[in-house]
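The structure appears right after this line, and notes come after that.
The shown structure was predicted, so the numbers you read here are calculated from the model rather than taken from an experiment. Numbered from 1 within each chain, the chains take letters A, B, ... in sequence-line order.
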Amino acid sequence: MILTKAQYDEIAQCLVSVPPTRQSLRKLKQRFPSQSQATLLSIFSQEYQKHIKRTHAKHHTSEAIESYYQRYLNGVGENGAAPVLLELANEVDYAPSLMARIILERFLQEHEEAPPSKSVINSMLRDPSQIPDGVLANQVYQCIVNDCCYGPLVDCIKHAIGHEHEVLLRDLLLEKNLSFLDEDQLRARGYDKTPDFILQVPVAVEGHIIHWIESKASFGDECSHHAYLHDQFWSYWNRFTAFDPELDSNWRVSLDFLKCRSTPPMVSQDMELFVPIGDLKLFLDNLEISMSFKEDFPFFFFFHSEENCRFLELEGGSETISFSPLVSS
Amino acid sequence: MAAVLESLLREELSVAVAVRWIARSAQSSEDDPREAAALSSLRPLRKEFVPFLLNFLREQSSRVLPQGPPTPAKAPGSSTGLPGRSGGPPRGGRGARNQLFPPIEASSATAADAPSARRGGRRRGPGPARERGRGPGGLEEGVSGECLPWAGGRRPRSSGSPSSPSLARSDPPNLSNLEEFPPVGSVPPGSAGTKPSRRINPTPVSEERSLSKPKTCFTSPPISCVPSSQPSVLDTSPWGHGIPSGCRSLQEEREMLRKERSKQLQQSPTPACPTLEPGSPHPSRTGHLTAEPADPTRVSSRHRLELVALVYSSCIADSLESPLFQSVHDCVFFAVQVLEHQFHVLSHLDKGTLKLLAENERLLCFSPALQGRLRAAYEGSVAKVSLAMPPSAQAVSFQPETDNRANFSSDRAFHTFKKQRDVFYEVLREWEDRHEEPGWDFEKGLGSRIRAMMGQLSAACSHSHFVRLFQKQLLQMCQSPGGAGGTVLGEAPDVLNMLGADKLGRLRRLQERLVAPQSSGGPCPPPTFPGCQGFFRDFILSASSFQFNQHLMDSLSLKIRELNSLALPQPEPSDEDGESDVDWQGERRQFAVVLLSLRLLAKFLGFVAFLPYRGPEPPPTRELQDSILSLRSQVPPVLDVRALLQQGLRARRAVLTVPWLVEFLSLADHIVPMLDYYRSIFTLLLHLHRSLVLSKESEGEMCFLNKLLLLAVLGWLFQIPTVPEDLFFLEEGQLDVFEVDTVASEHGLDSMPVVDQQLLYTCCPYIGELRKLLASWVSGSSGRSGGLVRKITPTTTTGLGAQPPQTTQGLQAQLAQAFFHNQPPSLRRTVEFVAERIGSNCVKHIKATLVAELVRQAESLLQEQLVTQGQEGGDPAQLLEILCSQLCPHGAQALTQGREFCQKKSPGAVRALLPEETPAAVLSSAENIAVSLATEKACAWLSANITALIRREVKAAVSRTLRAQGPEPAARGERRGCSRACEHHAPLPSHLISEIKDVLSLAVGPRDPEEGVAPEYLEQLLGQLGQMLRCRQFLCPPAEQHLAKCSVELASLLVADQIPILGPPAQHQLERGQARRLLLMLLSLWKDDFQVPVPLQLLLRPRNVALLADTRPREWDLLLFLLRELVEKGLMRRMEIEACLGSLHETQWPGDFSEELATLFNLFLAEPHVPEHQLRACELVQPNRGTVLAQS
């Protein structure tokens, strides 16, 4: 299952001005039945986040907030059981969870002496039954469970996916007898910024030396590649070009950026192909490595294909994959 | 000048403005216009101010010293020696430079010397000195303070030979008159009453060397007592054989000097080298000091003294030079003030000096604050510096490389060379044995043999072989005049101490005191060839072979280039991991070895290269000089040092390049600095010197000690007589090249802390003068007979004879040394490599085992603490202290374990790395040496750092534990994982959260009419949830918490029958039985599978209960069922539920709803123990809420 750039664009096109709700996702699934829900949701979420980043500011002007709050008050005045807040969010094209936060903040400002702290707001969003007003509590809860791109539940899901993929990756490394240091161990050694795993003995994959692996539990679109490149890759580059000072300078020669993109599809050389990941087990059974050259550094991604994963053939000594020799000078 | 000083003293001028005025000709905008105006009229005098200040200080203070000559006035004399030198500034002060020890007021400046010395000669000491009889006119050059770091003429009374005072002011002294200028310890007993402040001056030096006649040093060697008291001091003087070819004339000169010397000896009771004789006090110094104790309360015109001290210090600090002294109190006060201002530099001195300073009672008396800071600096200092000289010569080594026959053109050449080797070593051995004997003369004893040997070196290739041997031997024997000299075990002078032999350590220190030269030649010694360097110099002179010299220069140049471009490792300075310290010490040592080798090679290169041109004086006439210049400018430099310097600056490796270049240039003849090529080098160096400001420390800049080293060596160079002073007065604009270059690369050696105090003192032995002076003050002030040595340990009473007792360890070290000399060099490299790695590994191992174990203990102790003291546990800092006090003592085990580790690991490694064929005895020796070296290295690091390491690790553990203590206590609970057989096929948590969220959103709405869930799907979902909770492979606490919350929400929806069910439109609700089954599944998950607390109280929150209010007809039975099951399964206590139900009343409900709620409450209360049938009864009435209520 390969997602082409065209397909990706098509999906992204469908997502313009679509509210991040269960219904939207269902329609998307109907439209692209061959794509897994995880892939679609991941693309949806990223596209929607881009949209919110662009429009975020206009919802946070004091006029906007005031008008939203009045509309909310009017709405629940008429019928407290109606999905007032959710509909308001959809109508103004804003994420329901974020709208809930705006209204909640505004509400608390009105009803409490001191402006509410961020942690109070967060705590109420996580558990709306703490909200003093029953109607608002229901409205907020409704927004949160209906928002598939933002909110504490979505955050938890994302976090869980990240954790799961780390576990999967660790198992895979263990299974392949690759010695590594994980983030906790690295942190214990005092590193401030660490990838998920550092291989203690680098491996060569298709002629490229891999030092470390970072797993990103999200769809690898162009935009997030840039962001990760900026936020993480260079940080790692600065720190781990030779992660073990004991190793000699051979290891400094080139740092290859290996990403294990679990959920997602990958970008290959010409940004033509997006390969979606469905079932995680399947993903693990069908790992393959591709790469793209960007900024003169080879990037490695794991992605999912029907072929057998070469990465898994390490022990078999396939011609494409081998442990890189430890050259001593 | 006086006007300036007066306005300063009257405070019409601020110190800052005055200093700026001195430093720059242009006015600064910061200046007060009034002040500026006052100064601008004085502008032409600007450059004269500093010398004036110095002179002023000297004269003022010298008045206080009645016994001594007011100033050792040798100054003006030098200028006579340099008639018609061209190129100098017209103002004339030329002569000044010639005085290495211009007689600056000893007393006042003494204190200040120390700091100024550090400064590396920014101030120009000599200027004032020479000018002092003459008026300010000649001093202008001194202003910008480029030169003469040490030169400050701090030699207090040394020059105070009886005759000198009169000379000072009037006639120019005849420098070549040895009677007038006795070079050696010319201090007549009791001649000079030294002020205490003088003590501080590195002056004693000057007594030994008559530096006052620098210009003549090429021909008449100052009698220096360089390393030891040998009578044949003459031979050790640098220029012993000043005239290259004229052996005879040398001979004659030597004879003459010897006569002079014996004359002096007769004349003066003090020995030629007073320092050598600890027993003979310098009455002059100590006598007066003890006589009149300085008293801070008796300081006159305190404020003005303070002002002057500030100016002086500012001059020092701003690379300018240098006090109203009515009494010794004033002098001491001034000195202490200056020391205070220079504390920053003082604090970087070695531990010994700091201790002496901190213990100085005058200092304590005048500035307890400074004393306190010095004490703190002393206590914090780890910079132990040994001033001892290395043994004068190492055993002669056998060099298999040069002996390789394949390198020779013919058998004959090979055999000839073999013979030459033998001759060479024979000569060397004879020199070793005899050069200290009185009356032995190098040329007489060895000259003819050497020349005969050189005569046999016919073939060019033989010369190169011999030169290689010569150079190797040179490097091996005198690589480091300060310590590391070719030793293996002995590279750290403290080996014996580290081995824990207290006694041995004491013996060593004693030995050091006895053997170390009392003075290295004063604060501004001329270039010398101390110790066995003298052999090599004399060898070259006696050989007087053009071929040999040429080959030697070629070889030296090559080696210098090679070493200078050696890529020295640059560990990340930011790496705070303790282990790297161990490696870093190694890097630093390597740097020191390279640097010292380079200096040695460069010195000899300079010596040989400039040998043919060396003469006693600069050319007498301008015409002659011009013709020499035009000739010499044709000759290409022997080594392109300018390019190397530029490269060094650009690559930020000045700290490596400059010190050897200085050595090279120090041996230049008088013409050299006038040649364009070399002039540009001096200019570059001068700019470098000016750019190095000690008080300025910024990111990426040069390390302090690196800077200090450069300043010290450059300062020293600039005061050497052959360096003309007019160099320093070039206009500023000429040299901005340098500024641009330095920015080039960020990470050079310069910003690495490669220089430590030991290396600094080794390269600049004159810095150690301060310590010696202080030590002598201590002995003087304590009322003892004087002498420079503070305490003479009674070793002689043991009757062991003159030979210091040979310690076992010392012998071992020598044995190891000898062992390596007889083995291929790779053996030594291997052993050293193994020792270094094993030593380093040992530290890591200790960290991973012993320290890790201690950290584990700390964690469990902390847990106990937390349990006994409650969750808070108390102040973390306090906890840490308690833990550390309990655990740190265990660190002592590290040494034992470290020793075991090295013992165990080293032999194998050596065995693996050496050739199989290595003889057993060699192998076992190599192993043993590796073990002891590794142990030494590891133990040295461990004993110094183990406590800090444990502390750091425990601290990290404490904060980790306390953090884990924090918000999620549940997460700490023991996690039950899945069974081994589990294949982790359960659905992923993220998937389940997502699914449950969908169900919740469906239930909460809004939803399309056709939307709903199948009852089976719900059952399946809960089943999967159970599976996943039992597998746990992919579960993380936040996910579990969210799942727990979602499951409670789901239960509320079930109870309120709010979940839309797929199916025929009529039946959108779950069957009672299905709902109850689902609830039971949830109850079981909560009870058995969730490992995080499940927020069951949510069930009775108003929002969840309100779900029931929306249903028509309301059905309470499921809720009641659920509540009873919760109690039954022990998931909630009755009391909890009652409390929740009770609080529900606080909410506003519709009238009927609160009625029903009250009934439910009563119902729940009414049935404390819930029998099964009653539940069923309850169920029977289910369809009608009326029934339920009726039952109650």
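Note that CZ of A:Arg22 is 9.0 Å distant from NZ of B:Lys997, once rounded to the nearest 0.5 Å.
For residues 144-157 of chain A, a heavy-atom distance under 4.5 Å to chain B picks out A:Ile144, A:Val145, A:Asn146, A:Asp147, A:Cys148, A:Pro152, A:Leu153, A:Val154, A:Cys156, A:Ile157, given by residue number.
The salt bridge (charged side-chain N to carboxylate O under 4.0 Å, His left out) test applied to B:Glu1136 returns B:Arg1133, not counting sequence neighbours.
Contact record, B:Leu988 with A:Glu164: CB-OE1, 3.5 Å, taken as the closest heavy-atom pair.
Using a 4.5 Å heavy-atom threshold, the side chains of B:Ser990 and A:His163 count as separate. Annotation: side chain of A:Arg26 is in contact with side chain of B:Asp1008 (closest heavy-atom distance under 4.5 Å). Here the side chains of A:Arg126 and B:Lys1045 are in contact, with some heavy-atom distance below 4.5 Å.
Of the listed residues (A:Val135, A:Leu25, A:Ile131, A:Asp127), the greatest number of heavy-atom pairs within a distance under 4.5 Å of chain B belongs to A:Asp127. For the set A:Pro128, A:Gly134, A:Ala160, A:Ser129, the entry with the most heavy-atom pairs within less than 4.5 Å of chain B is A:Ser129. Per-residue heavy-atom pair counts under 4.5 Å with chain A were compared for B:Pro1006, B:Pro989, B:Ala1039, B:Ala1106, and the maximum is reached by B:Pro1006.
The environment of CZ in B:Phe833 is sparse: at most 12 heavy-atom neighbours from other residues, nucleotides or ligands sit within 6.0 Å.
Neither the backbone nor the side chain of B:Leu992 comes within contact range of chain A; no heavy atoms are under 4.5 Å apart. Only the side chain of A:Gln23 comes within less than 4.5 Å of a heavy atom of chain B; its backbone N, CA, C and O stay farther away. Using a 4.5 Å cut-off between heavy atoms, B:Pro1102 makes no contact with chain A at all.
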